[in-house]
Amino acid sequence: MPFRMDMDQLAWDLQNEPSIKLIKAESGAFILSFLHQQFKYAQRVSIPLPEFLEQLEGYLTHLNEHDPGRYPRSAQGYITEWANEEHRYIRIALHSNSDIPDIELTSDAERTLGWLEDM
């Protein structure tokens with residue numbers, strides 16, 4: 001028997017699922033292009049936090065040169081938001097063999113980038 005979408009569940013998913021919220025986010029193109037560049041294009045699973053922060057600072061500088069004030073927050077502010085419970089696009093992981101945290105994509109962000117790559 002084919003899968004049937006339940007309207008109430010679908011409505012909830014469209015409002016609450018991190019993957020869908022990422023696509024619908026006002027700054028979704030900014031977030032997704034940066035995450036894709038850092039992880040998928042570079043073929044990396046994790047990035048040391050200081051390197052990720054530096055790359056995001058450079059990306060923000062570049063974007064704000066072309067559209068001043070569009071992305072007013074600091075790179076650290078964006079990282080904190082992207083990792084919080086509401087967004088869950090990235091996770092900050094501390095591995096036992098290092099004092100330096102790594103940034104990793106969540107399964108929701110992986111799924112979102114996969115959807116876009118398939119389009």
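Hydrogens, waters and symmetry mates are skipped; everything else that's a heavy atom, side chains included, is used. Numbers for residues simply follow the sequence, beginning at 1. Note that the structure is a prediction, hence the values are computed from the model and not measured.
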Colleague: How would you list all residue pairs meeting side-chain hydrogen bond (donor to acceptor under 3.5 Å, both in side chains) that involve residues 58-67, not counting sequence neighbours?
Modeller: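 As it turns out, the side-chain hydrogen bond (donor to acceptor under 3.5 Å, both in side chains) pairs with a partner in residues 58-67, which skip direct neighbours, are Ser33-Tyr59.
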
Colleague: Do the ring centers of Phe30 and Tyr78 come within less than 6.0 Å of each other?
Modeller: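 Yes; Tyr78 has its ring centre under 6.0 Å from that of Phe30.
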
Colleague: Counting C-beta onward and ignoring hydrogens, is there a side-chain heavy-atom pair between Tyr89 and Thr112 closer than 4.5 Å?
Modeller: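 Tyr89 does not reach Thr112 side chain to side chain.
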
Colleague: Going through the distances and angles, do Ile103 and Phe39 end up as a side-chain contact (heavy atoms from CB on, under 4.5 Å)?
Modeller: CA-CA 10 Å; Ile103 300 294; Phe39 291 98; 3.8 Å; yes

Colleague: Let me check something: any side-chain donor-acceptor pairs from residues 48-57 under 3.5 Å, sequence neighbours excluded? List them with distances.
Modeller:
unit_1, atom_1, unit_2, atom_2, d
Glu51, OE2, Arg44, NH1, 2.7
Glu51, OE2, Arg44, NH2, 3.3

Colleague: What heavy-atom pair brings Trp12 and Glu17 nearest, and what distance separates the two atoms?
Modeller: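 Smallest heavy-atom distance, with atoms named: CZ3-OE2, 3.5 Å.
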
Colleague: Run the side-chain contact (heavy atoms from CB on, under 4.5 Å) check on Ile47 and Asp102 step by step: do they pass?
Modeller: CA-CA 5 Å; Ile47 304 168; Asp102 283 336; over 6 Å; no

Colleague: Tell me whether Leu22 is reachable from Ile92 by hopping between hydrophobic residues (I, L, V, M, F, W, Y) whose side-chain heavy atoms are closer than 4.5 Å.
Modeller: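 Yes, same cluster.
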
Colleague: If hydrophobic clusters are built by linking Ile, Leu, Val, Met, Phe, Trp and Tyr wherever their side-chain heavy atoms come under 4.5 Å apart, do Met119 and Ile31 end up in the same one?
Modeller: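 Yes, same cluster.
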
Colleague: Is there side-chain contact between Lys21 and Arg88, with at least one heavy-atom pair below 4.5 Å?
Modeller: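 Answer no - side chains too far apart.
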
Colleague: Scan residues 108-119 for pairs that pass salt bridge (Lys or Arg N to Asp or Glu O under 4.0 Å), counting only residues two or more places apart or in two chains.
Modeller: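 For residues 108-119, and leaving out neighbouring residues, the salt bridge (Lys or Arg N to Asp or Glu O under 4.0 Å) pairs sorted by first residue read Lys40-Glu110, Asp108-Arg111.
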
Colleague: Are Ile23 and Leu10 grouped together when hydrophobic residues (ILVMFWY) are joined by side-chain heavy atoms under 4.5 angstrom apart?
Modeller: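 Yes, Ile23 and Leu10 fall within the same hydrophobic cluster.
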
Colleague: What's the separation between atom OG in Ser19 and atom CH2 in Trp115, rounded to the nearest 0.5 Å?
Modeller: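 One finds 4.5 Å between OG of Ser19 and CH2 of Trp115.
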
Colleague: Please round to the nearest 0.5 Å and tell me the distance separating atom CD of Glu104 and atom CZ of Arg91.
Modeller: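 Output value for this atom pair is 5.0 Å.
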
Colleague: If you look at every heavy atom in Arg73 and Leu60, which pair is closest and at what distance?
Modeller: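 Answer, listing the atom of Arg73 first, then Leu60: O-CD1, 4.0 Å.
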
Colleague: Could you state the interatomic distance from CD (Gln15) to CG (Asp13), rounded to the nearest 0.5 Å?
Modeller: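 If we round to the nearest 0.5 Å, Gln15:CD and Asp13:CG are 10.5 Å apart.
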
Colleague: Rounded to the nearest 0.5 Å, what separates atom CH2 in Trp82 from atom CG in Leu35?
Modeller: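 Result: 5.5 Å between the selected atoms.
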
